[in-house]
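Proteins come first, then strands; the chains are lettered A, B, ... in the order of their sequence lines, and each starts at number 1. This is a predicted model, so every value here is computed, not measured.
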Number of protein chains: 2
Amino acid sequence: MTDDPRSAGAPTLEDVARAAGVSRATVSRVVNGVRNVDPVIQEAVRRAVSVTGYTPNRAARSLVTRRADAIALVVSGAGVEPETARADSGTGASAQGEGEEHRDGGGTGDGAGTGTRSGGRAFGKDEDSGGGSGSFTAQVFADPFFGRVVTGVVDYLRPRGMHPVLMFAETSRAREEVVAYLRQGRADGALVVSTHAEDPLPGLIADAGLAAVLYARPARPVPVSYVDLAHQDGARLAAEHLLDRGCRRIATISGPLDVPAGHARLTGFQDTMARHGHPYVPVVEGRFTQESGERAMERLLAEHPDLDGVFAANDLMALGACHVLREHGRSIPGDVAVVGFDDSSAALACRPPLTTVRQPVEGMAAEMTRLLLDRLARPDGPVTSVIFEPELVVRGSA
Amino acid sequence: MTDDPRSAGAPTLEDVARAAGVSRATVSRVVNGVRNVDPVIQEAVRRAVSVTGYTPNRAARSLVTRRADAIALVVSGAGVEPETARADSGTGASAQGEGEEHRDGGGTGDGAGTGTRSGGRAFGKDEDSGGGSGSFTAQVFADPFFGRVVTGVVDYLRPRGMHPVLMFAETSRAREEVVAYLRQGRADGALVVSTHAEDPLPGLIADAGLAAVLYARPARPVPVSYVDLAHQDGARLAAEHLLDRGCRRIATISGPLDVPAGHARLTGFQDTMARHGHPYVPVVEGRFTQESGERAMERLLAEHPDLDGVFAANDLMALGACHVLREHGRSIPGDVAVVGFDDSSAALACRPPLTTVRQPVEGMAAEMTRLLLDRLARPDGPVTSVIFEPELVVRGSA
DNA sequence: CTGAAAGCGCTAACAG
DNA sequence: CTGTTAGCGCTTTCAG
């Protein structure tokens, strides 16, 4: 029984109630915009609220409403798996193993103080630094893709007064943490962006009966909504464009084949090429990074010096390919036409700007968010998924 | 009095206590790792916890501990200011007016839904789309800088079991929301990255007595810790390098002069040049975007066709400058040497790779996070700030 | 339309 | 070392 009115802490409902001369219940009603409150009292309460500088305590509210009014945005992927060694889930079938270094520098994180100097190094082999430590987080943000996802999610959430909690889940430990986080009720649901197929997270979440929506269809079916792109159609657009402009010796730099999008873009491309009389298309597997695109292009050029068209499964690799082509004296699109995929910022960072297949990432992310919020509002609504159609954006490179 | 043991909801302390045959307090102690608990009972409790599948309810815990164990990562900037019209806070002093367009595209943000397709357009003039809608969020992520900040923050937070809530505050409305969010106790403190001087957010947060640490020193002094880079020193390194390699007709593309970093990098550069006998350096103001770098370079080239060295205040602009130089037949670094700033991913995306001044963003962000956590642990500890030293990274462009 | 009262699940004194 | 007892601040029946 603290009979003392002015305590140290932040003002509570009680304080406002006292100031307005009403009960806590009434203040609560006004604050939550419940009807059935006399306009006069309503006004009095409002005044009391601003006088006291009251702000509702979220923990208390959540405790009773059982809602956090927050959602998690989690990037899930293979990444470094300390315990599982390397989860190199068979680098697909057809392609060549690339032998890309997957290991990274220290990572800024862990230990004691970061000291005062910068974090890790890694990435470039010869060049040492390079604007990104090797952590999973850094790898994720190295691709403009993720920034676009965040943009779409945030722009959808903000007008609704919500903000995403950013989480990463590349190890089984981290995945457990995500599940725990949700189970603790810190977030009402999760938006998960998987960078690899076979990602166990969607399954874990579904098993725990937690709400989630995925970006990209999960490898093994899970009763969870998702948004995805018609990757094959996108690859078809690229193939047709290259063919239409007269290219006849076309090659492709695929994405990692253990990533559904990588796989789909390749098969979509191959299928279309085959249908147009090109059953064999030279392909080198990349890792969706600029550097892997460069290496792949070097290789393609070495094995097929006469090629006149290249489809890279994303813009970053296309950008790398362009660099290599130019270094080898090939003009773009004169000698070799190049088509990318995504229409990310890399497309405009390239000279000439890339002709590319647009993936409306922001819109897809917004839709994903809408689906999650829908589901939170109607927990037993149907599990619906949305597939977006890509479109060709013609610029200078092809 | 729910005498019924097995209710529908998630298991609570009570359930675990019953299962283990002890009191709630004891379970709480075990769960929170408090010593003074008989090892035997401890084991029994642990077993009960896993049997029941217990997960502590965060809201309940936060309600009593008064800690959210969460922090906000907020990007604050000018952005589109519906209410305040344009906050063009005097374009600095020394420099030349330039008349560079400072306004941006519409901004998806505010209004109702984002629709289902991607966000706005904007940015490119001729090319329309381009991997980034015009929202503040999109603009933020268009620069690799922010992804690096997130990386540094997340990598520091993760080992400590914390995750950042992402917020943007480019309008006064959004700023109020950030303050409200903190006051509601949803986050214990904020990491704020201001993209403009005169940002009122730090002041608002300080006035509200909330914990925060800033990236970059605030324009008007605020009793809040911050991390920053010795921008002037960085610019000096760039100037000296250009001079050392024999350049004599050097120009610079500055950042926005109303951004402290932009201003400091310019004055640092000018001072060093002056000290070496070059009191007048051609300068064109850019906006830290690739496109503005291109435009600035076009102009510089038109006015000073004989220049042999360029310092761009960030890598994105340096990249744009390189494109333009090459288009004008200038070889890099043969005809013109180019030095960038930041050592972001754009530095390696450039051909030749950029010689640049490294800003250890990830490390700075980690330090910023450490400072915040420190302060949360010791609320009345001293307000300390850390200034990082940049270093020159020599690559191919100069 | 408003107030009284009962908790939500957890931690933290305070006894034992 | 363990159990009892108060609440943390809010929403929400349930009466009036």
Q: Dump the intermediate steps for salt bridge (charged side-chain N to carboxylate O under 4.0 Å, His left out) on A/Asp69 and A/Arg58, then the final yes or no.
A: CA-CA 9 Å; A/Asp69 283 318; A/Arg58 291 301 310 203; 2.7 Å; yes
Q: Base of C/dT11, side chain of B/Arg24 - is there a donor-acceptor contact under 3.5 Å?
A: yes
Q: Find the distance B/Arg29:CZ to C/dC10:C1' and express it as a whole number of Å.
A: 13 Å
Q: Nearest to the side chain of A/Thr12 - D/dC10, D/dT2, C/dC1?
A: D/dC10
Q: Decide whether a cation-pi geometry holds between B/Arg160 and B/Tyr156; the criteria are a distance under 6.0 Å from NZ or CZ to the six-membered ring centre and an angle within 45° of the ring axis.
A: yes
Q: Relative to the 5' end of DNA chain D, which residue comes earlier, B/Val64 or B/Gly21, by the nucleotide with the nearest heavy atom?
A: B/Gly21
Q: Kindly say if B/Thr65 contacts the phosphate of C/dT11, meaning a side-chain N or O under 4.0 Å from OP1 or OP2.
A: no
Q: Establish, from distance only, whether the side-chain atoms of A/Ser76 and A/Asp199 form a donor-acceptor pair under 3.5 Å.
A: yes
Q: Quickly work out the B/Ile41 CD1 to D/dT2 C1' distance and round it to whole Å.
A: 7 Å
Q: Whole angstroms only, please: what is the CD-P distance between A/Glu14 and C/dA4?
A: 10 Å
Q: Do we see a donor-acceptor contact under 3.5 Å between the side chains of A/Arg61 and A/Asn32?
A: yes
Q: Without decimals, in angstroms, what is the distance between B/Arg67 CZ and C/dG9 C1'?
A: 20 Å
Q: Applying the side chain to side chain contact (heavy atoms under 4.5 Å, CB included) test to A/Phe168, which of A/Val74, A/Val140, A/Leu73 qualifies?
A: A/Val140
Q: Using atom CZ of B/Arg61 as one end and atom C1' of C/dC10 as the other, report the distance to the nearest whole Å.
A: 8 Å
Q: What is the separation between atom CG on B/Leu13 and atom C1' on C/dC8, rounded to the nearest whole Å?
A: 13 Å
Q: Quickly work out the A/Tyr54 OH to D/dC10 C1' distance and round it to whole Å.
A: 7 Å
Q: Which of the following nucleotides, C/dC10, D/dT12, D/dG9, is nearest to the side chain of B/Leu63?
A: D/dG9
Q: Using atom CZ of A/Arg58 as one end and atom C1' of D/dC10 as the other, report the distance to the nearest whole Å.
A: 11 Å
Q: 5'-most contact on DNA chain C: A/Ser23 or B/Asn57, nearest heavy atom basis?
A: A/Ser23
Q: What's the closest nucleotide to the B/Ala25 side chain, out of D/dG3, D/dC10, D/dT2?
A: D/dG3
Q: With sugar-phosphate meaning primed atoms plus P, OP1 and OP2, does A/Arg66 contact a base, only sugar-phosphate, or nothing at under 4.0 Å between heavy atoms?
A: sugar-phosphate
Q: OP1 or OP2 of D/dG3 less than 4.0 angstrom from a side-chain nitrogen or oxygen of B/Thr26, does that happen here?
A: yes
